[in-house]
Amino acid sequence: VLLGLAWYGGLRRGEARNVRGQDVSFKLHQIVLPENKAKDDDHTTLITGELDTFLRQCWPDGKLPEGKLISDRDVTPDEHELSKRFRRIAKKAALRGSGKDGYCVLHDLRRSFGSRWAGKVPAQVLQRMMRHANIKTTLDFYADVDMAALALLWPEQARQAGVVANVTD
């Protein structure tokens with residue numbers, strides 16, 4: 001679930017770990033993030049169609065559990081240990097990314113989310129989806145619309161060239 005929230009929803013590690021069933025509103029297409037970078041009480045994120053599908057696959061009856069979606073039994077609450085475990089898996093799977101060793105880190109899932117949506121929505125919408133306080137952050141990191149457009153138009157060539165962050169599945 002953690003990886004799905006990061007990949008399909010662009011949630012940060014700490015945000016995803018603390019999402020509770022009662023925070024998710026399929027009707028409003030949003031998730032309240034009680035633990036968020038802005039440290040405010042009413043921070044929300046939008047539920048994209050792919051995140052909606054993912055969550056409904058995890059809970060086919062539509063009844064999300066009360067309390068956290070990710071239990072401490074399933075995923076270690078130690079964020080540094082969680083990151084180390086993910087890096088080991090990424091390295092074994094040879095998933096290239098932005099880690100110091102050249103392999104994928106958890107935050108790369110969030111970056112991939114932003115990159116996939118960059119060519120599909122206006123910058124202001126992407127800013128909201130990424131929950132950036134300043135649009136400059138969104139523009140600085142995700143405004144390579146040409147690359148995103150090429151990846152959408154030529155997905156196989158983009159995969160072969162290693163531009164997988166911009167390719168939709």
Side-chain angles (χ1 to χ4, degrees), residues 1-83 85-86 97-98 104-145 147-149 151-152 164-169:
V1 175
L2 174 78
L3 301 180
L5 289 170
W7 179 259
Y8 296 118
L11 273 66
R12 297 173 179 95
R13 177 184 57 200
E15 293 169 340
R17 284 211 39 81
N18 292 297
V19 171
R20 303 169 303 180
Q22 60 267 34
D23 297 327
V24 178
S25 172
F26 289 117
K27 184 178 179 180
L28 299 175
H29 307 290
Q30 69 179 19
I31 301 173
V32 174
L33 299 173
E35 302 278 330
N36 59 75
K37 190 175 178 181
K39 306 269 190 256
D40 56 21
D41 293 335
D42 60 350
H43 210 69
T44 61
T45 189
L46 304 172
I47 297 177
T48 62
E50 58 189 16
L51 179 56
D52 184 274
T53 299
F54 171 76
L55 291 171
R56 290 178 191 277
Q57 286 174 343
C58 292
W59 291 277
D61 62 2
K63 295 181 183 178
L64 279 67
E66 291 290 322
K68 290 183 179 182
L69 298 183
I70 302 167
S71 77
D72 291 346
R73 290 186 321 272
D74 296 332
V75 178
T76 178
D78 181 333
E79 291 194 7
H80 295 291
E81 179 61 26
L82 176 62
S83 292
R85 288 180 188 177
F86 183 81
S98 69
C104 190
V105 295
L106 269 171
H107 202 73
D108 286 331
L109 301 180
R110 174 176 161 75
R111 288 185 190 107
S112 292
F113 170 83
S115 294
R116 287 192 321 273
W117 283 95
K120 299 178 184 180
V121 299
Q124 297 89 338
V125 174
L126 185 60
Q127 176 191 6
R128 170 71 177 90
M129 293 170 76
M130 297 299 292
R131 295 167 321 283
H132 290 146
N134 188 324
I135 195 154
K136 184 173 177 0
T137 304
T138 306
L139 294 173
D140 287 350
F141 289 97
Y142 301 102
D144 191 352
V145 177
M147 187 61 71
L152 290 169
V164 291
N166 292 325
V167 178
T168 56
D169 293 321

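In this chain, numbering begins with 1 at the start of the sequence shown. Note that the coordinates shown come from a computational prediction; the quantities given were computed from them, not determined experimentally.
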I'd like to know if the side chain of [X] reaches the main chain of [Y], judged simply by a donor and an acceptor atom lying under 3.5 Å from each other, with no hydrogens or angles considered.
X      : Y     : answer
Gln30  : Val24 : no
Arg110 : Gly10 : yes
Arg116 : Trp7  : yes

Minimum heavy-atom distance between [X] and [Y], given as atom pair plus value:
X      : Y      : result
Trp117 : Leu126 : CB-CD1, 3.9 Å
Leu3   : Leu106 : CD2-CD2, 3.6 Å
Gly97  : Asp108 : CA-OD2, 3.4 Å
Met130 : Arg12  : O-NH2, 3.8 Å
Ser98  : Val105 : OG-CG2, 3.6 Å

Can you name the residues that form a salt bridge (charged side-chain N to carboxylate O under 4.0 Å, His left out) with [X], not counting sequence neighbours?
X     : answer
Asp72 : Arg17
Asp52 : Arg56
Arg85 : Glu81

Can you list everything that forms a side-chain hydrogen bond (donor to acceptor under 3.5 Å, both in side chains) with [X]? Sequence neighbours excluded, please.
X      : value
Ser83  : Arg13
Arg131 : Glu15, Thr45
Asp23  : Arg20

So, do [X] and [Y] sit near enough that their side-chain heavy atoms are less than 4.5 Å apart?
X     : Y     : answer
Ile70 : Val19 : no
Leu51 : Leu5  : yes
Leu2  : Phe86 : no
His29 : Leu46 : no

Solution key, residues 57-66 side-chain donor-acceptor pairs under 3.5 Å, sequence neighbours excluded:
| residue | atom | partner | partner atom | Å |
| --- | --- | --- | --- | --- |
| Asp61 | OD1 | Lys63 | N | 2.9 |

request  = Output all residues satisfying side-chain contact (heavy atoms from CB on, under 4.5 Å) with Val125, sequence neighbours left out; order by chain, then residue number.
outcome  =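 If we apply the side-chain contact (heavy atoms from CB on, under 4.5 Å) test to Val125, skipping adjacent residues, the hits are Val121, Pro122, Met129.
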request  = Could I get the full list of side-chain contact (heavy atoms from CB on, under 4.5 Å) partners for Asp74, not counting sequence neighbours?
outcome  =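 Partners of Asp74 by the side-chain contact (heavy atoms from CB on, under 4.5 Å) criterion, ordered by chain and then number, come out as Ser71.
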